[in-house]
Each structure stands twice: as C-alpha cells, then as structure tokens.
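Notes for the one structure printed next.
We count residues from 1, following the sequence as given. Keep in mind that the numbers below use all heavy atoms, side chains included, and drop hydrogens, waters and symmetry copies.
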Amino acid sequence: MARRKKIYEGKAKILYEGPEPGTLVQYFKDDATAFNAEKRDVIDGKGVLNNRLSEFFMVGLNSIGVPTHFLKRLNMREQLVRQCEIIPLEVIVRNFAAGTMAKRLGIEEGTPLPRPIVEYCYKDDKLGDPLVTEEHIAAFGWASQQDMDDILSLALRVNDFMSGLMYGVGIKLVDFKIEIGRVYDGDFQRLIVADEISPDSCRLWDIETGRKLDKDVFRRDLGNLADAYTEVARRLGVMPQNATPMEKPKLIN
C-alpha cells in the first residue's frame, strides 16, 4: 500500500491527500493541547470521539442546508472531506461570557449575553490567534465584505442549530469556534463550514449542574477529558449508552 501524502498537520488533526481530486482525508489525533500548545497530553480515544461527533454535527448541518466540507466518515479516526481554501480566521460565536471574553471585559463567567456575539481571530499560532476586527479583515484582504456577510450568516445558523440540539440533551452551548473555507464551482465561489465541530471547539456545560463537558476539563484540570466527551456523545446518541472511553490495547503475557 502506497504511503499517503501528508498535506498538513495541526495540533489535533492531520490532513492527507484524498483518493479523488479535490478531496482530503482528515485524521483525528488523540493529542490535547491548551494555552497555545503550552500544555500538552495524549488522551486515549479522544480522536475517535471527535471524529464521530464532528461527523454528527456536520451531517446535521448539511441536512438543513448549511454547507460543510464533510463528505463521509471512512473509519473510526478518519473522514473524507472536500478540499477548500481556508479563510485565515477563527469565527467565534458566544452565547454566554466565558474564557477570554470574561477576562477581557471583566464579566462573570456564565453571564448570559444579550444576543449572540460573533468575534474573529486571525489564525496564527505564533501570534496566539489575536482578536481582530472587520476593519483588519478588510484592510489585509483576508475576506471581502460579501464574504463577511456570508460568514456571519453561516455562523449564526450554526449557532441556532447547535444551541437547539444541545439544549435538547440538557447541555448549554456557551460558545464555539468554526473555520470557513472557500470552494469554487467554475467562476462561482461558495463559503462552507470546514475543519471540525467537536467538544474541542465548543464550550459545553450541563444545564442543571454547570459541569463542563469540553476542553476546559483539560485546560483547568477538572477531571478526565475522555469521560466528558463520551458523555456528550452518549447524550446525542452518537455512542451507546453503556459506552466507556476507549483505552490503549494492553499486551497479554
């Protein structure tokens, strides 16, 4: 079997050349990072959970007319996706104050926001993904005004879908981030949701207890990250109710 050509490796995923032109294979790693990769660990089974959860969310978005790069899941850790030109922005949608917003504005974490707030960060790990405004985005040519209108519309539609889905299983969608890609059909450009949607890219709190079910469990040393992600997958019906986090195989003497 020929070795696949690696296109890109990030903190949580690897992209390989796909089997057909215009496709990529997205592989989900078990690596967990926080604070711009200053904190690192390997969480057994995390990649499997994020692959299944991202598939679940992307299929749901496609079904309601929100275009994504997702084509199909290939196996427990890989999915086939459409190749696209990633706009160098993290698009963050916030429903409650948390994380950097709470610190930046001095707002108590968990405070409901008067409406969903959309923020943008320039994707550059070396710079720490700095917060930018639409003025920066226009001035540096990262996206046009029409792009920004479309990005805002996509982000709010994803928020509506995800908020309702999570609320139905007793989870509060505090905030999330997505990436947007450009695809071309001849001379016509479309924007689509790319990368992933998983507990790595969302803040998810249990509605009744406030228990965190996202990467803050790892950031703040609040318990077992795989347990938290498995709980999300159980509630959404992605994993069987009696599922347990996957562990590394053990050698038998």
(message) So that I can tick it off, tell me whether K13 and E179 are bridged by a salt bridge, with the cut-off set at under 4.0 angstrom between side-chain N and carboxylate O.
(response) no

(message) Can you tell me how far apart CD (E196) and CG (N51) are? Round to the nearest 0.5 Å.
(response) 9.5 Å

(message) Looking at T23 and E20, would you say the former's side chain and the latter's main chain have a donor-acceptor pair under 3.5 Å?
(response) yes

(message) Taking salt bridge (Lys or Arg N to Asp or Glu O under 4.0 Å) as the criterion, tell me which of D125, D31, D30 meets it with K11.
(response) D125

(message) I'd like to check the side chain to side chain contact (heavy atoms under 4.5 Å, CB included) partners of I117; sequence neighbours left out, ordered by chain and number.
(response) M101, L113, E119

(request) Please answer whether the main-chain N or O of P116 pairs with a side-chain N or O of N95 as donor and acceptor at a distance below 3.5 Å. (result) no

(message) To check you understand the geometry: which heavy-atom pair defines the closest contact between V93 and N159, and what is its length?
(response) CG1-CG, 3.7 Å

(message) For a quick test of reading the model, state the closest non-hydrogen atom pair linking D221 to K39 and the distance between them.
(response) OD1-NZ, 2.7 Å

(message) Which heavy atom of V91 sits nearest to which heavy atom of A155, and what is that distance?
(response) CG1-CB, 3.9 Å

(message) Once rounded to the nearest 0.5 Å, what's the spacing between atom CE of M166 and atom CZ of F161?
(response) 9.0 Å

(message) Quick one, D195 and S54 - any side-chain contact, counting heavy atoms below 4.5 Å?
(response) no

(request) State whether a side-chain donor-acceptor pair under 3.5 Å links D149 with Q145. (result) yes

(request) Could you name each residue pair satisfying ring-ring contact (aromatic ring centres under 6.0 Å, His included) that touches residues 27-70, not counting sequence neighbours? (result) none

(message) Using the side chain to side chain donor-acceptor pair (under 3.5 Å) definition, which of the options E55, E78, Q79, Q26 pairs with R73?
(response) E55

(message) Does Y184 have more than 12 heavy atoms from other residues, nucleotides or ligands lying within 6.0 Å of its OH?
(response) yes

(request) For C202 and D214, work out which heavy atoms get closest and say how close. (result) O-CB, 3.1 Å

(request) Indicate, with yes or no, if the rings of W142 and Y122 have centres closer together than 6.0 Å. (result) yes

(request) Kindly work out whether a path of hydrophobic side-chain contacts (I/L/V/M/F/W/Y, heavy atoms less than 4.5 Å apart) joins V66 to M162. (result) yes

(message) Within a 6.0 Å radius of atom CZ on R104, are there more than 12 heavy atoms belonging to other residues, nucleotides or ligands?
(response) yes

(request) Measure the OH-CG distance between Y229 and N224 for me, rounded to the nearest 0.5 Å. (result) 11.0 Å

(message) Quick check: closest heavy atoms across P67 and R190, and the distance to 0.1 Å?
(response) CB-NH1, 3.6 Å

(message) Looking only at the side chains, is there a donor atom on one of D147 and S144 sitting less than 3.5 Å from an acceptor on the other?
(response) yes

